[in-house]
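Being a predicted model, the structure only gives us computed values, none of them experimental. Reminder, nothing fancy here: chain letters follow the sequence lines and each chain counts from 1.
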Amino acid sequence: MFYIVFAVALFIASVITHIFFCRRVVKTGLHAKAFIFTAIIFFGVYALSVLALWHSPVLDPRSLWGLPFRITAGLIFLLLVPVYLCFYVLTQLTSPSKKILLSISQRGALSRADILAGIQEEHFIMTRLNDLCASGCVARTNDKHSLTSEGQKIAAILNLMQSILGRNVGG
Amino acid sequence: MWEGEGLMTMDVLTAGAGIFSFLIFLSVHFITFRWVRPENLLRSLLVCVVTVMGFPVLLMGFFYILKAADATLQAWICAAILASVLQGLLCFVYVLCVFGPYETSVRMRLVREIALAPPGGISMEELARCYNTEIMVNLRLQRLLGSGDIIEKDGLYRIGREGNFFFIFDAIAAVLKKWIAQ
């Protein structure tokens with residue numbers, strides 16, 4: 001189980017490093033790329049350590065501690081990266097569903113009109129449309145919106161997913 | 001066979017069992033979710049994930065009976081648990097990073113609506129006719145009612161259960177936000 005503990009410990013170290021980075025950096029906003037970069041470095045440490053310990057007599061592979069779950073541990077590390085990012089993104093963004101639930105929770109009971117009014121105040125659609133323009137997926141020309149080549153790639157992936165999943169558009 | 005080679009096989013079997021179980025989940029998901037209505041989405045997803053959870057353990061049990069690797073019972077038990085953990089993580093990442101955004105993301109919906117627009121583009125008014133706050137709220141109320149996270153009575157919506165995933169995720173994010181303190 002050493003490799004599992006080692007991989008998880010390195011992942012926790014990458015999270016701590018990212019938290020320290022976020023606390024120190026002046027620019028606000030999402031620093032997801034910084035975490036991905038940090039995780040790559042720590043995963044590299046894991047990979048090099050595994051190679052170094054490969055035929056080392058330090059760990060007895062027959063003992064519980066020395067069981068060589070190297071690949072499994074590596075995969076767990078890699079999968080924990082998007083798990084952390086999901087929660088990290090939540091620290092910066094509010095989803096409409098979360099807003100609805102928090103509003104109802106704070107007021108006890110809400111009518112549909114009150115819920116709608118609360119969501120409209122947040123301008124979810126406008127802010128996300130602006131984000132798409134800022135990220136280069138959507139081009140805005142004279143109040144007309146069209147997809148850039150980047151946006152078209154995303155649309156193609158969504159169409160592929162629709163053909164696989166057989167589900168209509170969500171939103 | 002050098003000492004530990006059997007256990008190396010165990011590592012490959014563990015990773016393989018976890019990934020294979022996730023592929024089973026995906027197959028079930030692709031087949032059944034075509035007919036799931038939006039209000040039943042969250043509940044169906046949870047049922048699908050929980051149903052396939054035990055599959056890695058069954059698979060590792062099968063490999064144990066076949067003596068696919070030379071390892072102790074202790075190692076096989078660890079391997080079965082790790083295969084379940086791996087499968088669980090794969091499902092979690094798929095639901096939150098792939099299926100979730102496809103099904104619920106406002107940005108993805110906007111991209112799709114703009115993609116369907118004529119070559120000259122789509123104005124804000126035309127876009128609002130296809131997708132607006134009311135449609136967004138209706139979709140979410142449908143899902144939340146279907147999952148039991150909210151209940152509706154006499155025209156008023158109330159929280160259906162306190163321990164729902166949104167509140168749990170929000171609590172974890174709140175702790176993380178406190179540490180980041182931006």
Side-chain angles (χ1 to χ4, degrees), chain A residues 1 4 19 22-23 28 61-62 64 67-72 75-76 79-80 82-83 86-88 90-91 96-98 100-102 104-105 108-112 115-116 119-120 124-125 128-129 131-132 137-138 141 143-147 151-152 154-155 158 161 164-167 169-171, chain B residues 3-4 7-8 11-12 14-15 30 33-34 74-75 78 82 85-86 89-90 92-93 96-97 102-104 106-112 114-115 117 120-124 127 131-137 139-140 144 149-150 155-159 166 169-170 172-173 176-177 179-182:
Chain A
M1 297 306 285
I4 304 292
I19 289 172
C22 290
R23 288 170 74 101
T28 57
R62 293 282 168 187
L64 180 64
L67 288 172
F69 287 115
R70 301 178 186 102
I71 298 169
T72 305
L75 287 173
I76 288 174
L79 289 171
L80 285 174
V83 169
C86 287
F87 289 106
Y88 174 64
L90 286 179
T91 65
S97 298
K98 183 175 134 181
I100 290 171
L101 286 169
L102 286 175
I104 296 173
S105 175
L110 279 177
S111 67
R112 193 180 160 283
I115 292 170
L116 191 57
I119 295 296
Q120 276 169 340
F124 279 108
I125 293 178
R128 276 141 178 83
L129 186 59
D131 283 346
L132 286 170
C137 295
V138 170
T141 317
D143 190 43
K144 290 274 190 180
H145 299 83
S146 55
L147 292 180
Q152 281 168 8
I154 296 171
L158 293 172
M161 286 183 71
I164 293 170
L165 293 169
R167 293 187 65 81
V169 291
Chain B
E3 188 178 8
L7 294 161
M8 182 65 187
D11 187 21
V12 172
T14 306
F30 288 162
F33 271 57
R34 289 172 179 272
Q74 204 179 35
C78 286
L82 286 172
V85 166
L86 202 56
L89 282 172
L90 281 164
F92 188 89
V93 170
L96 256 65
C97 300
Y102 170 81
E103 189 71 27
T104 67
V106 174
R107 286 182 185 83
M108 295 300 106
R109 177 67 186 260
L110 287 169
V111 165
R112 300 204 69 191
I114 296 170
I122 185 169
S123 64
M124 274 306 301
L127 192 56
Y131 184 58
N132 51 50
T133 305
E134 196 169 342
I135 293 172
M136 186 176 68
V137 167
L139 280 169
R140 276 156 179 76
L144 292 171
D149 289 324
I150 60 174
L156 290 176
Y157 294 89
R158 291 179 174 82
I159 295 294
F166 291 97
F169 285 4
D170 192 50
I172 296 170
L176 186 57
K177 192 170 185 176
W179 288 341
I180 292 172
Q182 274 190 325

What are the two closest heavy atoms between [X] and [Y], and how far apart are they?
X	Y	answer
Leu144(B)	Ser97(A)	CD1-O, 4.4 Å
Gly171(A)	Arg140(B)	O-NH1, 2.7 Å
His145(A)	Ile114(B)	O-CG2, 3.7 Å

- In terms of heavy-atom proximity below 4.5 Å to chain A, should Ile159(B) be classed as side chain, backbone, both, or neither?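 Both parts, backbone and side chain.
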- If you tally heavy-atom pairs under 4.5 Å against chain B, which of Lys144(A), Gln120(A), Lys98(A) wins? Lys144(A)
- Query: Do the ring planes of Phe92(B) and Phe87(A) sit parallel (below 30°), tilted (30 to 60°) or perpendicular (above 60°)?
  - Reply: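 It falls in the parallel class, under 30°.
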Contact origin within [X] toward chain B - heavy atom pairs under 4.5 Å:
X	result
Ile76(A)	both
Ile100(A)	side chain
Cys137(A)	neither

With rounding to the nearest 0.5 angstrom, report the [atom1] to [atom2] distance, [X] to [Y].
X	Y	atom1	atom2	result
Arg109(B)	Ile125(A)	CZ	CD1	9.0 Å
Leu110(B)	Ile154(A)	CG	CD1	11.5 Å
Leu75(A)	Leu82(B)	CG	CG	11.0 Å
Ser105(A)	Asp149(B)	OG	CG	12.0 Å

- Query: With a 3.5 Å cut-off and no angle check, do the side chains of Thr72(A) and Asp11(B) form a donor-acceptor pair?
  - Reply: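 Result is yes, a qualifying pair exists.
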